[in-house]
Amino acid sequence: MTNTIPEQLPSDAPPARALLAMIFGAVQTQLLSVAAQIRIPDLLKDSPKSVKALAEATGTQEPALSRLLRALTDLGIVVETAPGQFICTPMGALLQADSPNSLREYAMLFGRSLAFDTWANLLHSVHTGMSAFEDRFGMNIYAYLQHHSDDAAAFYDAMTSVSNQESRAICEVYDFCACRTVVDVGGGQGFLLATLLQAYPSLHGILLDLPQVVDSAHTVLQDKISEGRCQIVGGDLLTAIPPGGDVYIIKRVLIDRDDAQARTLLTNCRNVMKPHGRVLVADPDITSLYGTLFDISMLTVFGSGSRIRTPAELHDLFATAGLKLTRTLSTPSALLLVEGVPV
C-alpha cells in the first residue's frame with residue numbers, strides 16, 4: 001500500500017508534507033478510537049484476516065473498512081501481509097482488550113466528544129489560563145462526570161487501564177527489593193500498590209488518599225489487607241502523611257498541585273520518612289512528545305494551575321522541601337520517575 005500518513009517522515013521530507021500530517025492529528029485519534037471500538041486489533045490477534053471477513057465480523061462497509069485499514073497500516077497498528085490480508089502489530093496489540101498493558105479504553109476515551117469539544121476550545125485556555133472544559137461545559141470535569149454516566153464509565157475505565165500499564169512500567173525500572181514499607185500518596189484505588197505488593201512478597205504498603213476515593217480501594221487490595229501487608233488511610237494529602245515509609249510514591253499527583261501545595265506535600269513526606277527514605281515522583285515525561293501533548297490536555301481541562309514540571313523545576317522544588325534529586329528514570333509507559341532523598 002502507498003503510505004499516506006507515515007508514522008515517521010524522512011528527515012528530508014518537504015515541510016508542507018510533515019505539517020499536513022500534523023494537521024490531521026485529530027483524524028489519527030479517531031482512527032485509533034474506532035479501531036478499538038470495533039475491535040480490529042482483537043480480531044487480528046492470532047492470524048491474518050481479509051477485509052471481507054473483518055467487515056462481516058464488525059458489521060462495517062467493506063470499502064470503508066479497507067480505507068480505515070490502509071490508514072491503520074500507515075500508523076503502524078496493522079500490517080498487510082498479502083493483498084487485502086491484515087494482521088496486528090506489537091503496537092496494535094496494545095489496543096487489544098486482554099493485553100496486560102492494554103490502552104484500548106484510553107484510546108476510546110480520547111475519541112469521544114468529551115475530549116474533542118474541549119480541545120477545540122484550547123484558545124480559551126491560552127488567552128485566559130482557565131479551563132477550556134469548564135468554559136465549554138459550564139462545570140468542572142468531576143461534576144460533569146456525575147451527570148453523564150456513559151462518559152464517566154469511559155473515563156474511569158481509561159484511567160484504570162493507563163494506571164495498570166504505568167504500574168507495571170514502574171516495577172520494570174525501579175528496584176524495591178531493599179524497601180520494607182512503601183506509601184502510595186494519592187494512590188486512588190490502589191492499582192499501583194497492588195502491583196508492587198504482588199511483585200514483592202515481602203513488601204508492606206500504605207495507601208493514602210481522600211476518604212471518598214479510598215473507599216473503592218478495598219476491593220483492589222482486599223487480599224493484601226487480609227495478609228496483613230496493606231493499610232488504607234483516608235485523609236488530606238496536604239495535612240498528614242503516614243510515617244515510617246522507606247519509599248513515598250507520588251504518581252500523577254504533583255501535576256494537579258501548584259508550587260506551594262507541591263512543596264507542602266513533599267515537605268510532609270520528608271518529615272515522616274525513615275532516615276534512609278526516598279521520595280519517588282512519577283509523572284508523564286515533559287521531554288517526550290506524549291508529555292508535552294498531555295501537558296496541553298491538562299491545561300484545557302484544569303487551567304494553568306495544573307502542569308507537568310520539567311526536571312529542572314522538580315530539582316528546585318525538591319530543594320525547597322529539603323530534598324535532593326538523586327536520579328531520573330524513564331519507563332516504557334512514558335512516565336518519568338524522579339527520585340529524591342532528604343538533604
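Count residues from 1 along the sequence.
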In this structure, CD of Gln189 is separated from CD1 of Ile232 (nearest 0.5 Å) by 10.5 Å
Would Asp283 and Arg309 pass as an ion pair if we require N to O under 4.0 Å?
no
Review point. Backbone N or O of Pro100 within a donor-acceptor pair of the Asn164 side chain at under 3.5 Å?
Key: no
Which of Gln231, His204, Gln198 passes side chain to side chain donor-acceptor pair (under 3.5 Å) with Lys224? It is Gln198
Query raised in the report: So does Gln222 have more than 12 non-hydrogen atoms from other groups sitting under 6.0 Å from CD?
Result: yes
*Determine, stepwise, if the pair Leu69 / Ile40 fulfils side-chain contact (heavy atoms from CB on, under 4.5 Å).*
CA-CA 9 Å; Leu69 289 165; Ile40 291 296; 4.0 Å; yes
task = For residues Phe133 and Thr300, determine if any side-chain heavy atom of one lies less than 4.5 Å from a side-chain heavy atom of the other.
result = no
All heavy atoms of Gly111 vs all of Ser33, minimum pair found to be CA-OG, 3.5 Å
**Message:** Go through it in stages, so that I can follow the logic: the residues are Ile38 and Leu65, the test is side-chain contact (heavy atoms from CB on, under 4.5 Å), and I'd like the CA-CA distance, side-chain angles, deciding distance and then a yes or no.
**Reply:** CA-CA 11 Å; Ile38 62 177; Leu65 183 61; 4.2 Å; yes
For Ala21 and Gln28 the tightest heavy-atom approach is O-NE2, 3.8 Å
Are the charged groups of Arg307 and Asp259 less than 4.0 angstrom apart, N to O? yes
Counting distance only, does the side-chain N/O of Ser125 pair as donor-acceptor with the main-chain N or O of Ala132 below 3.5 Å?
yes
Run the side-chain contact (heavy atoms from CB on, under 4.5 Å) check on Gln261 and Asp256 step by step: do they pass? CA-CA 9 Å; Gln261 292 173 330; Asp256 288 330; over 6 Å; no
Taken to the nearest 0.5 Å, the spacing of Leu68 CG from Gln30 CD works out to 11.0 Å
- Query: Can any side-chain N or O of Arg104 pair as donor or acceptor with the backbone N or O of Ala36 at less than 3.5 Å?
  - Reply: yes
**Message:** Checking the side chain of Ser333 only, and the main-chain atoms of Gln165 only, is there a donor and an acceptor separated by less than 3.5 Å?
**Reply:** no
Verify the cluster assignment for Tyr248 and Val182: are they in a single hydrophobic cluster under the rule of side-chain heavy atoms below 4.5 Å apart?
no
message = Would the distance check show the side chain of Ser47 and the main-chain N or O of Leu44 forming a donor-acceptor pair, the cut-off being under 3.5 Å?
response = no
Taken to the nearest 0.5 Å, the spacing of Ile241 CD1 from Ile206 CD1 works out to 10.5 Å
Run the salt-bridge test on Arg327 and Glu339 with the 4.0 Å N-O cut-off and return the result as yes or no.
-> yes
Ser131 side chain near His124 side chain, heavy-atom distance below 4.5 Å = no
ring-ring contact (aromatic ring centres under 6.0 Å, His included) pairs touching residues 264-291, sequence neighbours excluded, are Tyr290-Phe294
Look only at the side chain of Thr331 and the backbone of Leu336, and say whether a donor-acceptor pair between them is shorter than 3.5 Å.
no
Exactly one of Leu208, Ile250, Thr264 clears side chain to side chain contact (heavy atoms under 4.5 Å, CB included) with Leu237, and that residue is Leu208
Can you establish whether the number of heavy atoms outside Met159 located under 6.0 Å from its atom CE is more than 12?
-> yes
> Shared ILVMFWY cluster between Leu289 and Leu32, side chains joined below 4.5 angstrom?
Replying inline: no
> Between Arg180 and Asp246, does at least one N-O distance fall below 4.0 Å, as a salt bridge requires?
Replying inline: no
query: Mind checking whether Trp119 and Phe116 have parallel, tilted or perpendicular rings, split at 30° and 60°?
result: tilted
Would a 4.5 Å heavy-atom cut-off, applied to side chains only, mark Thr292 and Ile286 as touching?
-> yes
Here the pair of heavy atoms bringing Thr195 nearest to Ser167 is OG1-CB, 3.5 Å
Treating Ile, Leu, Val, Met, Phe, Trp and Tyr as nodes and any side-chain heavy-atom pair under 4.5 angstrom as an edge, say whether Ile77 and Leu43 lie in one connected cluster.
yes
So do the side chains of Tyr200 and Asp175 get within less than 4.5 Å of each other, counting heavy atoms only? yes
Side-chain touch Ile225/Cys230, heavy atoms, less than 4.5 angstrom = yes
Practice item. Would you check if the side chain of His148 reaches a backbone N or O of Tyr144 as a donor-acceptor pair within less than 3.5 Å? Key: yes
Shared ILVMFWY cluster between Ile23 and Leu122, side chains joined below 4.5 angstrom? no
Side-chain touch Glu227/Leu197, heavy atoms, less than 4.5 angstrom:
no
Output for pair (Leu317 CG, Glu313 CD), nearest 0.5 Å, gives 9.0 Å
Between Asp98 and Lys45, is the closest basic N to carboxylate O distance under 4.0 Å? yes
task = Evaluate side chain to side chain donor-acceptor pair (under 3.5 Å) for Asp285 paired with Ser288, printing each intermediate quantity in order.
result = CA-CA 6 Å; Asp285 184 357; Ser288 69; 4.9 Å; no
Is there side-chain contact between Tyr156 and Leu145, with at least one heavy-atom pair below 4.5 Å? yes
Do Leu280 and Leu329 belong to the same hydrophobic cluster, where Ile, Leu, Val, Met, Phe, Trp and Tyr are linked whenever their side-chain heavy atoms lie under 4.5 Å apart, directly or via other members?
yes
Smallest heavy-atom separation, Gln96 atom then Pro41 atom, equals NE2-O, 3.1 Å
Q: List the steps, then state whether side-chain contact (heavy atoms from CB on, under 4.5 Å) holds for Asp117 with Phe137.
A: CA-CA 9 Å; Asp117 289 353; Phe137 294 102; 4.0 Å; yes
Rounded to the nearest 0.5 angstrom, the CZ-CG distance for Arg263 and Leu254 is 12.0 Å
Could you tell me whether the side chain of Ser297 and the main chain of Leu293 form a donor-acceptor pair under 3.5 Å?
-> no
Smallest heavy-atom separation, Val253 atom then Gly186 atom, equals CG2-O, 3.8 Å
Within the side chain of Arg229, is there an N or O that forms a donor-acceptor pair under 3.5 Å with the backbone of Pro201?
yes
Closest heavy-atom pair, Thr320 versus Thr267, reported as atoms and distance to 0.1 Å, is O-OG1, 4.5 Å
Could you tell me whether the side chain of Phe318 reaches within less than 4.5 Å of the side chain of Val281, counting heavy atoms only? yes
query: With distance as the sole test, does Glu80 use its side chain to make a donor-acceptor pair with the main-chain N or O of Gly84 at under 3.5 Å?
result: yes
The reported gap from OH in Tyr142 to CZ in Phe155 (rounded to nearest 0.5 angstrom) is 5.0 Å
